[in-house]
Trainee: 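Next up is a structure, given as structure tokens.
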Amino acid sequence: MDIPFLLLLTISVAALIGFLLLRKTANNLPPGPSFLSSNLLLLTHSLSELEPILKNLKSKYGPLITLSIGFRPSIFVADHSLAHKLLIQKGAIFSDRPRTLAVRNISSAAYGPTWRLLRRNLAAEVLHPSRVKSYSWARKWVLQILIGRFTPAAEAAGVIKVVDHFRYAMFCLLVFMCFGEKFDDHRVEEIAAVQRRLLLLVGSGRFNVLGIFPRLGKILFRNRWRELMQIRDDQEQVLIPLIKSRIEKANSDEIVAYVDTLINLHLPEVEATAGNGGKLTDKEMVSMCGEFLNAGTDTTSTALQWIMANLVKHPDIQSKLYDEIVTVVGPTPPTPAAAAEPVSVINEDDVQKMPYLKAVVLEGLRRHPPGHFVLPHRVAKEVEVEGYKIPAGATINFLVAEMGWDPKVWEDPMEFKPERFLMNDDGDVINNGGFDVSGSKGIKMMPFGAGRRICPGSDLALLHLEYFVANLIWFFRWSADDDYGVDLSEEAEFTIVMKNPLKARIVPRAEK
Ligand code: HEM
């Protein structure tokens, strides 16, 4: 039954119902293309494919655009001050999520007590600065793996394709934070493979239609539904044994892993009715751990690759960064003979003394935000914005990349210029890297979103990026391969990645 005819039928029925239901309010909705074109656009394009179309629509309709699907309008916001108004000033109305297909985790939870409990648990128990500090030896261990992998190529002045190594490193780190264990290569690759399959399938937009018409979608798009269930089953097969093994060892270890914090949670909504007192089921544990792993790995490794690509493309910026690093920690020490030997590395306290490094990382996130949109938000109640009426239940999203590239806010927005983060609006030097990435006082860019649903992992992500960029530049000199160069073209996966992944020539900095 999973055939184009059904798609057409669904579009026609949805369009008819939607047309009838929306007729009343359509005049007051923000402007956008006709009802039928909207439905066709939304059902046949993934979010990233819509981005160039939305940019054109912005020049025609302005920064608040409606595309309607079925009876649910989708609103897109392409202006930073409007984003601030909605996400910060009217945050309570714009912090819900569209209802999704029976998963329970932070990003899909409705704005309410369960979301608050799950989010507070992550923020207080795992992402709190003191807890993040307790994982510092794991960061060093992972860095050592990276250096060990890169050193042979560097000693032969060879060219390496970095993306798989970056992804593997982030997985090692997040898997450790999640399950409290250092797994071998094989196990980490197994976890990474199942998580990545799920991420790429969801990111492809293949299952969007199931979320739009949940009940009908399961019947009409049976094959897709089965495919989704199969990959979820595979994920459970891999993650449940790890969760169970951690539960058996709970409290026997100094490290607090994410799983430990989930064991004793009691969900407020189900507490009264469920026989287990609102505790998370195995499937819910999988959903929470899966979210933690994917949220923190793909985004960060994508950003790391973009930043390193820009440092290869701009040797002057790389030299300036290396000079700053040397001023703080001294020249690069000799690389140990064997990869297993301990290396002296730049630690997270040193990183705090490097404003140019912070500017390089922020510029990377501005110029190449891993997500060009945030996760969809749902409007909780009818609200008037700029004279338009946005109905309760509408979906709303924000053009993140467009905001970071706005020439009204950023001079030469498509250029990679970290210095812009070292000056205030009057051109005075603010050497302490005082940029507020949360956008709470005003949004200039929003790579982590903004407001109540802002990414709770932003500080951890910035720390990981600063730590790995600083060390990778301290240990190796990076340059472009003559045959390959650095191509900054983009391609949409789950995040927006380099279409032609970075291949760089690296040479050890230290004298032998
Ligand atoms: C460079 C790295 C990262 C980027 C660019 C990023 C970006 C984002 C964005 C844009 C959102 C959606 C905000 C919204 O819907 O308004 C988000 C949500 C989220 N992120 Fe991140 N993220 C990163 C790293 C991390 C890390 C390291 C973690 C945790 C370990 C994490 C956990 C989450 C969670 C749980 C949510 C859902 C929040 C909610 O719905 O309340 N992220 N992130």
Side-chain angles (χ1 to χ4, degrees), residues 47 77 83-84 86-88 91 94-98 100 103-112 114-123 125-128 131-132 135 138-139 166-167 169-171 173-178 195 199 257-258 261-262 287-307 361-362 364-378 395-401 403-404 437-439 443 445-469 494-497:
L47 203 52
V77 179
H84 187 261
L86 305 192
L87 289 171
I88 310 281
F94 290 96
S95 298
D96 201 5
R97 294 276 190 221
T100 50
V103 283
R104 193 193 287 277
N105 57 27
I106 303 170
S107 47
S108 62
Y111 182 61
T114 297
W115 166 76
R116 214 163 277 122
L117 178 94
L118 297 176
R119 189 174 161 118
R120 199 182 305 132
N121 174 65
L122 173 65
E125 299 293 336
V126 181
L127 301 177
H128 186 273
R131 191 55 51 74
V132 168
Y135 306 126
R139 282 187 283 280
F166 287 173
R167 210 176 278 137
M170 289 305 151
F171 256 100
L173 200 44
L174 272 281
V175 162
F176 174 80
M177 291 172 70
C178 190
Q195 285 293 124
L199 193 74
Y258 189 40
T261 74
L262 298 175
S287 187
M288 296 293 293
C289 294
E291 171 188 62
F292 180 81
L293 295 175
N294 274 351
T297 50
D298 196 60
T299 46
T300 314
S301 53
T302 297
L304 184 57
Q305 185 183 206
W306 280 118
I307 294 167
V361 168
L362 287 172
L365 290 168
R366 181 198 67 81
R367 180 60 187 83
H368 305 280
H372 282 202
F373 293 88
V374 296
L375 300 171
H377 290 221
R378 177 181 177 276
T395 303
I396 189 156
N397 211 320
F398 298 80
L399 276 77
V400 170
M403 290 183 218
V437 79
S438 76
I443 293 175
M445 64 176 196
M446 43 180 282
F448 295 105
R452 298 170 197 211
R453 286 282 184 168
I454 192 173
C455 174
S458 59
D459 285 350
L460 180 73
L462 289 171
L463 172 66
H464 284 169
L465 291 172
E466 290 160 8
Y467 180 83
F468 284 102
V469 170
F494 177 72
T495 47
I496 303 294
V497 297

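Quick note: numbers below take in every heavy atom, side chains included, and nothing from hydrogens, waters or symmetry partners. Counting convention: from 1, in listed order, for ligands and their atoms alike.
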Trainee: Parallel under 30°, tilted from 30 to 60°, perpendicular over 60°: which one fits the rings of Phe468 and His464?
Mentor: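 Correct class here is perpendicular.
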
Trainee: Considering heavy atoms of the protein only, find what lies nearest to atom 29 (C) of ligand 1 and give residue, atom and distance to 0.1 Å.
Mentor: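 Here the nearest protein heavy atom works out to Gly457 CA, 4.1 Å.
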
Trainee: Any idea which protein heavy atom is nearest atom 30 (C) of ligand 1, and the distance to it?
Mentor: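 For this ligand atom, the closest protein heavy atom is Phe292 CE1, 3.7 Å.
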
Trainee: Can you tell me which residue and heavy atom of the protein come closest to atom 36 (C) of ligand 1, and the distance to 0.1 Å?
Mentor: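 Result: Pro456 CD, 3.6 Å.
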
Trainee: Tell me, please, whether Tyr111 has Arg116 positioned over its six-membered ring: NZ or CZ under 6.0 Å from the ring centre and within 45 degrees of its axis?
Mentor: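 The answer is yes; both the distance and angle limits are met.
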
Trainee: Please check whether Glu291 reaches ligand 1 - meaning an N/O of the residue sits under 3.5 Å from an N/O of the ligand, judged on distance alone.
Mentor: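 There is no such contact.
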
Trainee: Among protein heavy atoms, which lies nearest atom 13 (C) of ligand 1, and at what distance?
Mentor: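 Scanning the protein heavy atoms, the shortest distance from atom 13 (C) of ligand 1 goes to Arg453 O, 3.3 Å.
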
Trainee: Is any side-chain heavy atom of Tyr258 less than 4.5 Å from a side-chain heavy atom of Thr261?
Mentor: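 In contact.
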
Trainee: Within the 4.5 Å heavy-atom criterion, are Val175 and Leu293 side-chain neighbours or not?
Mentor: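 Yes - at least one pair of side-chain heavy atoms lies under 4.5 Å apart.
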
Trainee: Can you name the closest pair of heavy atoms from Met288 and Leu118 and give their distance?
Mentor: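 Heavy atoms only, the tightest pair is CE-CD2, 3.8 Å.
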
Trainee: Please work out whether any backbone atom (N, CA, C, O) or any side-chain heavy atom from C-beta onward of Arg97 is under 4.0 Å from ligand 1, and answer side chain, backbone, both or neither.
Mentor: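 Side chain only.
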
Trainee: Which protein heavy atom lies closest to atom 10 (C) of ligand 1, and at what distance to 0.1 Å?
Mentor: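 Checking every protein heavy atom, the shortest distance to atom 10 (C) of ligand 1 gives Pro447 O, 3.5 Å.
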
Trainee: Hey, could you give me the CG/CZ distance between Asn294 and Phe171, rounded to the nearest 0.5 Å?
Mentor: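 Those atoms lie 5.5 Å apart.
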
Trainee: Any side-chain heavy atom of Asp298 sitting closer than 4.5 Å to one from Gln195?
Mentor: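 The answer is no, as the side chains (C-beta and beyond) never meet within the 4.5 Å cut-off.
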
Trainee: Quick one: does Arg378's side chain have a donor or acceptor within less than 3.5 Å of a partner on Ala110's backbone?
Mentor: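 Checking the backbone N and O of Ala110 against the side chain of Arg378, no donor-acceptor pair under 3.5 Å is found.
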
Trainee: Give the numbers and elements of all ligand 1 atoms closer than 4.0 Å to a heavy atom of Gly296.
Mentor: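 The list of qualifying atoms is 26 (C), 27 (C).
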
Trainee: Does Ser107 approach ligand 1 within less than 4.0 angstrom via side chain, backbone, both or neither, non-hydrogen atoms only?
Mentor: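 The answer is both.
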
Trainee: I'd like to know whether ligand 1 has Pro370 as a neighbour, heavy-atom separation below 4.0 Å.
Mentor: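 Pro370 counts as a contact of ligand 1 under the 4.0 Å cut-off.
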
Trainee: Should Thr299 be counted as touching ligand 1, given the test is an N or O pair under 3.5 Å?
Mentor: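 No; every N/O pair is 3.5 Å or more apart.
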
Trainee: Just say parallel, tilted or perpendicular for the rings of His368 and Trp306, cut-offs at 30° and 60°.
Mentor: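 Taking Trp306 first and then His368, their aromatic rings lie parallel (interplane angle under 30°).
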
Trainee: Specify the protein heavy atom at minimum distance from atom 6 (C) of ligand 1: its residue, its atom name, and the distance to 0.1 Å.
Mentor: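 Looking at atom 6 (C) of ligand 1, the protein heavy atom closest to it is Phe448 CD2, 3.6 Å.
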
Trainee: For atom 43 (N) of ligand 1, what's the nearest protein heavy-atom neighbour? Residue, atom name and distance, please.
Mentor: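 Residue, atom and distance for the closest contact: Cys455 CB, 3.1 Å.
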
Trainee: Look only at interatomic distance and state if His377 has a nitrogen or oxygen under 3.5 Å from any nitrogen or oxygen of ligand 1.
Mentor: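 In this structure, His377 places an N or O atom under 3.5 Å from an N or O of ligand 1.
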
Trainee: Below a 4.0 angstrom heavy-atom separation, can you tell me which part of Phe398, side chain or backbone, both or neither, approaches ligand 1?
Mentor: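 For Phe398, there is no contact with ligand 1 at all, from either part.
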
Trainee: Less than 3.5 Å between some nitrogen or oxygen of Arg452 and one of ligand 1, yes or no?
Mentor: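 For ligand 1, there is no N or O atom that lies under 3.5 Å from one belonging to Arg452.
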
Trainee: Which protein heavy atom lies closest to atom 32 (C) of ligand 1, and at what distance to 0.1 Å?
Mentor: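 For atom 32 (C) of ligand 1, the nearest protein heavy atom comes out as Ala295 CB, 3.4 Å.
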
